[in-house]
There are 4 protein chains.
Amino acid sequence: MARPAVKKQDMENAAIRLFATKGLAQTTVKDIASEAGVTEGALYRHYPGKNAMAWQLFCREIETFSAELGTRMFAPGAPLAARVEASVRFIFDYYGKYPVQFAFILLTQHGFPEERILDVASNPNDMVERFVDEAVRAGEIPSMNSSLASGLVLGLVLQVMVMDRYDRIEIDGSVVDDVVSAVKRVLMIG
Amino acid sequence: MARPAVKKQDMENAAIRLFATKGLAQTTVKDIASEAGVTEGALYRHYPGKNAMAWQLFCREIETFSAELGTRMFAPGAPLAARVEASVRFIFDYYGKYPVQFAFILLTQHGFPEERILDVASNPNDMVERFVDEAVRAGEIPSMNSSLASGLVLGLVLQVMVMDRYDRIEIDGSVVDDVVSAVKRVLMIG
Amino acid sequence: MARPAVKKQDMENAAIRLFATKGLAQTTVKDIASEAGVTEGALYRHYPGKNAMAWQLFCREIETFSAELGTRMFAPGAPLAARVEASVRFIFDYYGKYPVQFAFILLTQHGFPEERILDVASNPNDMVERFVDEAVRAGEIPSMNSSLASGLVLGLVLQVMVMDRYDRIEIDGSVVDDVVSAVKRVLMIG
Amino acid sequence: MARPAVKKQDMENAAIRLFATKGLAQTTVKDIASEAGVTEGALYRHYPGKNAMAWQLFCREIETFSAELGTRMFAPGAPLAARVEASVRFIFDYYGKYPVQFAFILLTQHGFPEERILDVASNPNDMVERFVDEAVRAGEIPSMNSSLASGLVLGLVLQVMVMDRYDRIEIDGSVVDDVVSAVKRVLMIG
DNA sequence: CATGAATGAGCCTTCATTCAT
DNA sequence: GATGAATGAAGGCTCATTCAT
């Protein structure tokens with residue numbers, strides 16, 4: 001009978017918040033521990049180390065996000081344009097609702113010494129690629145390099161978020177509208 | 001007699017190469033020194049410290065790049081579409097010719113504890129923004145949020161490079177063509 | 001119902017095996033627990049701490065061994081040479097039969113921060129010393145410094161085992177014969 | 001031009017003294033540093049780490065010792081018995097003159113996680129083995145297993161030192177005489 | 001009796017920076 | 001200008017031990 005281990009949750013929340021704010025390398029184990037109200041050693045009961053913890057949380061967050069994104073992107077029966085629109089809107093909703101988690105994904109993605117975001121089992125990149133492939137095969141959009149298309153589309157969305165975090169723009173409804181139509185134009189939909 | 005302080009050059013080259021390869025935080029002063037064939041203390045003869053050195057090199061690289069980019073983007077007398085095309089092609093040329101420098105810019109941009117790329121005096125972001133503003137004012141493209149547009153356009157280009165570095169795509173002529181037309185579609189040119 | 005506290009046995013066996021293999025300092029409480037299939041805290045149900053456990057086991061093993069050795073060394077009525085021979089043979093038999101326990105004694109003897117093998121109530125050293133004293137008093141061997149003689153004799157036997165563990169020699173019947181006669185020559189028996 | 005680096009000497013002396021006194025595992029880097037009057041980091045300019053330092057010093061000490069021992073053991077032209085006697089006396093002289101170094105060799109020999117004394121290039125064990133082989137080949141002593149003989153002889157000498165360090169005996173001239181004759185008897189010389 | 005999360009002190013190591021030479 | 005030994009402040013991690021469950 002283990003105790004409710006609520007401290008683990010505290011540590012994970014603290015870690016994500018700190019990773020998202022200061023970056024992986026700039027966040028110390030001591031930071032995480034004191035933010036979570038525990039001592040340093042406690043981390044090592046649940047994770048093999050700091051980087052491993054970050055990577056594990058990173059995968060979990062990105063997979064949670066991807067799973068939900070998938071239901072929009074591949075909603076059965078929905079027309080292509082609607083699925084694109086729903087997907088983009090979902091991403092920005094998610095970004096608005098879980099800004100810390102999203103910032104964590106955004107800021108940490110290139111910071112791992114060994115691992116890479118594309119190694120995560122279910123990642124948005126692969127999903128967009130599959131989406132494009134299927135659309136091409138269905139004759140709904142012209143033939144195109146799906147890997148490239150996936151990069152282009154994600155570039156549009158992610159960079160807008162980067163600019164939001166850098167206070168260059170403020171994301172609101174009209175911005176999202178603009179991104180939706182940019183994505184459609186890049187994919188030559190409608 | 002002996003050549004002059006060619007050591008400084010060696011150190012800068014080593015630093016850029018290492019920062020581009022391993023990232024700022026993962027590169028130690030000892031790494032730089034030994035790669036350049038000098039000792040650790042030598043760095044402090046030319047720079048106040050490691051981060052300052054990186055930031056200084058970063059600004060220099062980005063300004064060199066920006067200056068050249070500007071001549072394409074604002075080529076006097078050239079039509080809009082041609083300037084867009086020339087700009088995108090230049091970016092990829094530069095990326096192909098100075099991959100280390102470019103990776104340095106790409107990988108280091110989020111790695112500074114204090115500074116940010118948008119603070120660099122002459123940065124691509126501002127340039128694209130100005131480009132869009134002028135095009136709108138000239139009635140060459142529909143009215144649009146230029147900050148957002150700048151983000152979208154840079155997102156297209158940068159993410160393609162990220163994917164190249166992650167071996168998801170290989171940049172060649174047709175990829176560049178595709179990016180050029182994606183940028184044009186996003187800016188609603190032609 | 002369930003068997004009684006067989007867990008304690010498991011822990012002791014695991015501890016002895018690990019101490020013998022990796023040494024005292026290199027063996028962690030977690031090692032012992034996981035090897036024994038229990039959790040870390042369980043150790044403290046039976047022992048005040050790791051070092052105390054090791055010392056207790058060490059004393060137990062050495063006393064068990066010493067007691068049996070004593071019956072050979074001081075077998076009533078047996079001639080001196082026979083008792084020496086029986087003793088040496090017993091040591092090597094024991095070493096062959098309980099290699100882990102013996103290695104534990106051998107490798108751990110200098111590893112305790114506070115305690116020392118010579119502090120154990122019944123230890124081989126004291127026994128050999130008494131043996132020599134009595135033989136001298138009985139006029140069976142020339143007068144000699146019994147403390148020194150005890151060191152010499154034990155040195156012969158123990159170092160052979162060390163060499164066996166280091167794979168420099170392989171102990172077999174003829175090796176034991178040689179050690180027996182070496183001991184006799186050192187003690188000037190026969 | 002490096003400064004006289006007298007601190008390195010201090011650190012090595014402190015390390016040897018501490019390793020000999022408390023053992024390898026019980027000696028911390030902080031101990032060594034503070035005993036040598038430097039800070040912890042200083043160690044890492046000269047050695048890759050604590051264990052590496054200990055092993056390096058250990059090898060150096062044992063090789064210094066072995067080299068000198070070799071000149072006695074293989075003194076050209078000297079008769080066998082004289083060489084044995086000179087060798088044993090030299091060992092005890094060395095032990096008396098450099099008790100710390102010798103204790104370091106004695107106490108540390110089993111404490112390395114990876115390495116072993118018999119792996120040292122020039123070690124006493126190999127030397128004694130060669131000595132016995134040559135003596136057998138020259139017909140000066142009966143045929144015998146030289147590996148075993150080497151173990152026996154070293155067992156005699158080392159265990160006497162262990163007992164000295166444990167205050168069970170006090171080494172003086174007559175003890176050394178006794179060890180010399182014990183060695184001769186074991187090797188069946190004279 | 002057993003669990004295992006948590007502690008707290010300490011360990012080895014790293015590294016940007018300083019400074020006597 | 002250059003050297004490299006030394007510093008000092010962390011940093012990540014380990015581990016014997018405690019204790020609420």
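Labels below follow one simple rule: chain letters A, B, ... track the order of the sequence lines, proteins then strands, and each chain is numbered from 1. Predicted model only: the values in this text are computed from it and were never measured.
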Within a strict 4.5 Å, meaning less than it, do heavy atoms of the [X] and [Y] side chains meet?
X      : Y      : result
D:E35  : D:N13  : no
B:M11  : B:M53  : yes
A:W55  : A:V120 : yes
B:N51  : B:L24  : yes
C:F104 : C:L57  : yes

query = So which nucleotide from E:dT3, F:dG11, E:dT7 ends up closest to the side chain of A:K7?
reply =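 Among E:dT3, F:dG11, E:dT7, the one nearest the side chain of A:K7 is E:dT7.
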key: From F:dA16, E:dT3, E:dC11, nucleotide with atom closest to C:T39 side chain   =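 Of the options given, the side chain of C:T39 lies nearest E:dT3.
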inquiry  = Among A:R60, A:R17, A:K7, exactly one meets side chain to side chain donor-acceptor pair (under 3.5 Å) together with A:E12. Which residue is that?
reply    =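 The single option meeting the side chain to side chain donor-acceptor pair (under 3.5 Å) with A:E12 is A:R60.
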Report the distance from atom [atom1] of [X] to atom [atom2] of [N], rounded to the nearest whole Å.
X     : N      : atom1 : atom2 : answer
C:L18 : F:dC15 : CG    : P     : 13 Å
A:K30 : E:dC11 : NZ    : P     : 15 Å
B:I32 : E:dC15 : CD1   : P     : 12 Å
C:Q26 : E:dC12 : CD    : P     : 12 Å
D:E12 : F:dA5  : CD    : P     : 13 Å

key: Separation between the P atoms of E:dC1 and F:dT21, rounded to whole Å   =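 It comes out at 23 Å once rounded to the nearest Å.
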ask   = F:dC13 base to A:E40 side chain: any donor-acceptor pair below 3.5 Å?
value =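 It does, because a donor-acceptor pair links the side chain of A:E40 to the base of F:dC13 below 3.5 Å.
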query = Got a sec? Which of residues 47-61 of chain A come in under 4.0 Å of DNA chain E, heavy atoms?
reply =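 Here the set is empty: none.
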key: Nucleotide pairing, DNA chain F (Watson-Crick or G-U, distances under 3.5 Å), in dot-bracket with [ ] and |   = .||||||||||||||||||||
ask   = Taking for each residue the nucleotide of DNA chain E bearing the nearest heavy atom, is the 5' side occupied by B:T27 or by D:V29?
value =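 Looking at DNA chain E, the more 5' nearest nucleotide goes with D:V29.
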message = Judged by each residue's nearest nucleotide on DNA chain E, which is more toward the 5′ side, D:A42 or A:A42?
response =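 In this pair, the answer is A:A42.
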key: 5' priority, DNA chain F, between B:R45 and C:L43 [closest heavy atom]   =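 This one resolves to B:R45.
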query = If you find the nucleotide of DNA chain F closest to A:D31 and the one closest to D:G41, which residue's nucleotide is nearer the 5' end?
reply =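 So the residue in question is D:G41.
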query = Would A:R45 and C:E40 pass as an ion pair if we require N to O under 4.0 Å?
reply =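 Yes, A:R45 and C:E40 are salt-bridged.
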ask   = Tell me the salt bridge (charged side-chain N to carboxylate O under 4.0 Å, His left out) pairs involving residues 47-58 of chain D, sequence neighbours left out?
value =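 Those involving residues 47-58 of chain D do not exist here.
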request  = Apply the test ring-ring contact (aromatic ring centres under 6.0 Å, His included) to residues B:F19 and B:F58: give CA-CA distance (whole Å), side-chain angles for both, the deciding distance (0.1 Å), then the verdict.
outcome  = CA-CA 10 Å; B:F19 291 148; B:F58 179 72; over 10 Å; no
query = Can you tell me if the side-chain N/O atoms of A:H46 get under 4.0 Å from OP1 or OP2 in E:dA6?
reply =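 So the side chain of A:H46 is within the cut-off, an N or O lying under 4.0 Å from OP1 or OP2 of E:dA6.
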task = Return no unless some side-chain N or O of D:Y44 is found under 4.0 Å from OP1 or OP2 of E:dT14.
result =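 No.
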message = Between B:F65 and B:F102, is the ring-ring contact (aromatic ring centres under 6.0 Å, His included) condition met? List the steps.
response = CA-CA 9 Å; B:F65 167 72; B:F102 219 97; 5.2 Å; yes
